[in-house]
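One structure below.
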Amino acid sequence: MVADIHFSADIAVEAARRGAAKLRINPGNIGGLAKTDAVLDAAGEAGIPIRIGVNAGSLDVELAARTDLTLAQKLARSAADYVRYCEGRGFRDLVVSAKAHDVMATVATYRQLARELPTCPLHIGVTEAGTLFQGVIKSACGLGILLEEGIGDTLRISLTDDPVQEVRACWTLLAALDLRRRAPELVSCPTCGRCQVDLIGLAQQVEERIANLGKPLKVAVMGCVVNGPGEAADADIGVACGAGMGVVFSKGDVVRKVEEKAIVDALMEEIGKL
Ligand code: SF4
């Protein structure tokens, strides 16, 4: 249980005493450095880490009003100054985040933090990224750039949607970057005039049914013989469709030929055999 505390250092202290595994505090609203001391002491006594979580929407008022700094500079300075203060008091069990909804401001912030705090773990994210479609695209852009540069130790994709979608998006992003593979990957073609099945419907059904497999399998759902057999044979399980039918592959070998309406069940049966 991570206690994410704003506005009240007293509650952060109480959370540490009552067994929170970690605290998240926001330098912009926890009540200043004097209030921070009590939180650091409580976390130190409990032996738990603190995430210093800076956010563009709740920056320290004085820092936010500065016109000589960019948003990224303000976010990075707020976080870095706070880390130095905590470390100066002997508390080093820290994680840092400094998020904005603007993708490139977020990237610039974390690049600066990585330079300034090279040993401090960074929790990365584009905050308030929006609803599913926009949020995933913004997060994938920002976090993809950072992760490819080796920046980021933990991450969150923030979506105005079911939190389950956030977790799915994170795993998919990590898999796309070849950093972690714990979920299935769907390879499916964009369809074109050569396709003679409802490929979009088939791919959506397969995506839904493999979502909770918990295995890093590659499943290909392909529309015709142009790229279908190659991709289907390359995947763990795949189908290359023809006119109202599909040829199912398992580990590179053709294992059956089925009518369109039986394709999804056939793929799931073959997946179950692996
Ligand atoms: S695999 Fe076939 S149906 Fe799918 S996009 Fe390529 S050519 Fe079109």
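Start at 1 and go down the list; that is how both ligands and their atoms are numbered.
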Go around atom 2 (Fe) of ligand 1 and count every protein N, O or S atom nearer than 2.8 Å.
1
Heavy-atom neighbours of Arg84 CZ exceed 12 at 6.0 Å:
yes
Could you measure the distance from the CD atom of Gln204 to the CG atom of Leu199? Nearest 0.5 Å is fine.
10.0 Å
Can we say Arg18 and Glu14 salt-bridge, meaning some charged N sits less than 4.0 Å from an Asp/Glu carboxylate O?
yes
Got a sec: does the NZ of Lys215 have more than 12 other heavy atoms crowding it under 6.0 Å?
yes
salt_bridge(Lys35, Asp10) N-O dist < 4.0 Å:
no
Under a 4.0 Å N-O cut-off, is there an ion pair linking Asp265 with Arg209?
yes
